[in-house]
There are 4 protein chains.
Amino acid sequence: MSSKPLRADARRNRERILAAAEEVFGRRGTSASTEEVAATAGVAIGTVFRHFPTKQDLLSAIVKELLTRLTAEVTELTSADPTTALFDFFAGVVEQAAAKKSVVDLLAAGGIEVGVAEPLATLRDAIGALLTQAQQANAVREGVRLDEVMALLTATAQGALHGGWDDDLRRRTQEVIFAGLRP
Amino acid sequence: MSSKPLRADARRNRERILAAAEEVFGRRGTSASTEEVAATAGVAIGTVFRHFPTKQDLLSAIVKELLTRLTAEVTELTSADPTTALFDFFAGVVEQAAAKKSVVDLLAAGGIEVGVAEPLATLRDAIGALLTQAQQANAVREGVRLDEVMALLTATAQGALHGGWDDDLRRRTQEVIFAGLRP
Amino acid sequence: MSSKPLRADARRNRERILAAAEEVFGRRGTSASTEEVAATAGVAIGTVFRHFPTKQDLLSAIVKELLTRLTAEVTELTSADPTTALFDFFAGVVEQAAAKKSVVDLLAAGGIEVGVAEPLATLRDAIGALLTQAQQANAVREGVRLDEVMALLTATAQGALHGGWDDDLRRRTQEVIFAGLRP
Amino acid sequence: MSSKPLRADARRNRERILAAAEEVFGRRGTSASTEEVAATAGVAIGTVFRHFPTKQDLLSAIVKELLTRLTAEVTELTSADPTTALFDFFAGVVEQAAAKKSVVDLLAAGGIEVGVAEPLATLRDAIGALLTQAQQANAVREGVRLDEVMALLTATAQGALHGGWDDDLRRRTQEVIFAGLRP
DNA sequence: AATGAATGAGGCTTCATTCAT
DNA sequence: TATGAATGAAGCCTCATTCAT
């Protein structure tokens, strides 16, 4: 899928830029400037644009990374206790969200941007598997659909992030949702 | 609190600007230009800045209005059926959110902007009353606190908005939360 | 045709910008920066963009002005001696060209840019009238068409400009063309 | 004149770059990017700059090549029919121009760039010989000087190029000029 | 008080050129 | 020598805010 392997220094820079972008957009939101990302990464502005020809591309790259990471987590959980797997994952995402900003901005925006659609669908499927398992284990009510689980997940993630919830509030809020999901 | 009473035409303009701002920011998000707000209001850009010295001020004003409106709704509901009042209100807010954009952006941002803190506290209190009533009527579990109700409310409102949920998804998502709130 | 009349200061600026643009693009070619035009006009960069939302728009405006001016000249000549009118006009344009750069760049580019097409057609028609008169006065050979007159005109104008021809060379070059046009 | 002889592969690269540059600048004008030239040549950008330390140098090299080629053509024609040689050459150049872009841009710019002056003078001399021959064969009027022939040539070449003249218009336009040159 | 033109900092992006590999 | 990544100045354009009318 990926074209020619990057030179060592190029890959190093690419990663520094991605990290910087996650940091900066996470702190300041997606309206932070590309210039600030470059500065944080310790490279010149041109270097950012060589790796990501557009600001949008940079944002997409971050989101893709996140989605891939989340999908991996879900996949791991598929072989865990079905009674708690979905809840654990849900809680994990919400916890992470509290540290990101851009990511949630974008997920919330519907992930409409080109190229994000696919990894997003993959994640969705993975979570669907978790839900099915949970329902078969009678940990989640039959009537619940994947749609609302995803909706609750993103909504709560956004809330956790933008609202600046502390650990306790996060737990209590989730508890209501988990109670609502249980049979 | 408010300085000298405005001239009739000035007040009229103020209101047209607020309405335009709600419309524009609701449609385009908070990054829409003040110029567009002015155009929609049918006034010159200078007039907007005379009434709201800063874009931030304009945004704050919208949020304040919304909070005031919501508080009024809650207060009315205080004399309604305690079993459903909280749920009705919750559902109402989420429904409105689906039509606004700016408002939720801002609420989500923590309502940090100067001057919004107070009306937000007022709204919070009003909702608190609703919650107490509901618990006394045994419609909501005892352990639930106002904190998480507020958290769920804003999170869901945001989700409804940014996620572009349709009516059905909105209902199903709320149903999970309501189930989680019930005893 | 023109929308609301500009405020006095706005019109003044608009004209200063146009003049500056003609000067700058005339000296440096169309690749000169809008920033330099602004500086030359003594206004801020934003002012240039308020009057001409795009660099293209600014360039088009200059060309339109020129075409309008030329058309006026041609129209005047229509009531002059048909034996010399066309030649006089031709010579006049070529002489002016030696002082412009942008204009010729653009005319040469085919005047394709939106909005220039119409005044260009008008000019063409006016020159067509001159040609017909000249042919009726037996000053130009019958077989000659407007197409090649226009072609020779722009080509020579370009040459005069870019080639940096002096007055003598300009005259001698034209004389060849004029001899070619005569019966 | 030229320093140390290039290694075989280096010379090969130099030629591929020149060819690519002619193609690219001919198609896109002199504002095309050096990067695109490199890509077309199938070499890395650094290689282009090793051979031509400056974009200007690359452009000059192309022009020199063209001038040399044209001079060769003229020299050949010196032993052809003096009645038609000059006209044939003139027509040939104009025809080529319609396919190039950069070249004419540069010739038009006065060939000011360092190093082009000399081959340009050579070409001029060669054409001068053609003119003399034509005048001796009574195919061109006595009074005509080389200056205006060169001027007409470049002007028409530019016109043919930028104006996008079709074959017919090109022929008709030249015919006027040729008629003007004849006794 | 309203108007709308002017300001100018700041954002995104391109590209000639340099330099480490 | 070739490669191609990095640099950073410079260009175009937007928009919050100020100020003359």
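Chain naming here is simple, since letters A, B, ... match the order of the sequence lines and numbering starts at 1 in each. Atom set for the values below is all heavy atoms of this structure, side chains included, hydrogens, waters and symmetry mates excluded. Everything numeric in this text was worked out from a predicted model, so none of it was measured.
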Rounded to whole Å, how long is the line connecting atom [atom1] of [X] with atom [atom2] of [N]?
| X | N | atom1 | atom2 | answer |
| --- | --- | --- | --- | --- |
| Glu36(D) | dT17(E) | CD | P | 17 Å |
| Arg16(C) | dA6(E) | CZ | C1' | 12 Å |
| Leu58(D) | dC15(E) | CG | P | 15 Å |
| Glu15(C) | dA5(E) | CD | P | 15 Å |
| Ile17(A) | dA5(F) | CD1 | C1' | 11 Å |
| Phe49(D) | dA6(F) | CZ | C1' | 14 Å |
| Phe52(C) | dC12(F) | CZ | P | 15 Å |
| Glu35(D) | dA6(F) | CD | P | 13 Å |

With sequence neighbours excluded, what pairs up with Asp57(A) under the side chain to side chain donor-acceptor pair (under 3.5 Å) test?
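None.
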Tell me, which pairs form a salt bridge (charged side-chain N to carboxylate O under 4.0 Å, His left out) where one or both residues lie in residues 41-55 of chain B, sequence neighbours left out?
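Every pair satisfying salt bridge (charged side-chain N to carboxylate O under 4.0 Å, His left out) with a residue in residues 41-55 of chain B: there are none.
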Please state whether the phosphate of dT1(F), meaning OP1 or OP2, lies under 4.0 angstrom from any side-chain nitrogen or oxygen of His51(D).
no
With pairs defined as Watson-Crick or G-U wobble and both distances under 3.5 angstrom, please note down DNA chain E as a dot-bracket string, | for pairing with another strand.
.||||||||||||||||||||
My understanding is that only one of Val48(D), Thr40(D), Thr34(D) makes a side chain to side chain contact (heavy atoms under 4.5 Å, CB included) with Ile17(D); could you say which?
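Answer after filtering Val48(D), Thr40(D), Thr34(D): Val48(D).
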How close do Val37(B) and Ala20(B) get, heavy atom to heavy atom, and via which atoms?
O-CB, 3.6 Å
Check Ala32(D) against Phe25(D) and note the closest heavy-atom contact, atom names and distance.
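Closest approach of Ala32(D) to Phe25(D), heavy atoms only: O-CE2, 3.5 Å.
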Check every atom of dG4(E), dA16(E), dA16(F) against the side chain of Thr34(D) and return the nucleotide holding the closest atom.
dA16(E)
Does Thr68(C) have any side chain to side chain contact (heavy atoms under 4.5 Å, CB included) partners at least two apart in sequence or in another chain, and if so, which?
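Thr68(C): no side chain to side chain contact (heavy atoms under 4.5 Å, CB included) contacts found.
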Name all residues meeting the side chain to side chain contact (heavy atoms under 4.5 Å, CB included) criterion together with Glu35(C); count only those two or more places apart in sequence or in a different chain, and write none if there are none.
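Testing Glu35(C) for side chain to side chain contact (heavy atoms under 4.5 Å, CB included), a comparison that skips the adjacent residues, returns Ser33(C), Ile45(C).
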Tell me which residues in residues 37-48 of chain D put a heavy atom below 4.0 Å from DNA chain F, sorted by number, or none.
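Residues of residues 37-48 of chain D that come under 4.0 Å of DNA chain F are, in numerical order, Val43(D), Ala44(D), Ile45(D), Gly46(D), Thr47(D).
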Closest-nucleotide mapping onto DNA chain E: is Asp9(A) or Arg50(B) further toward the 5' terminus? I mean the 5' end.
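The residue whose closest nucleotide sits nearer the 5' end is Arg50(B).
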Nearest-nucleotide 5' precedence on DNA chain F, Asn13(A) against Ser33(C)
Asn13(A)
Comparing Ala32(C) with Lys55(B), nearest DNA chain F nucleotide closer to 5' gives the residue Ala32(C)
Carboxylate-amine/guanidinium proximity below 4.0 Å for Arg69(B) and Glu65(B)
yes
For Glu36(D), salt bridge (Lys or Arg N to Asp or Glu O under 4.0 Å) partners two or more places apart
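Arg27(D), Arg28(D).
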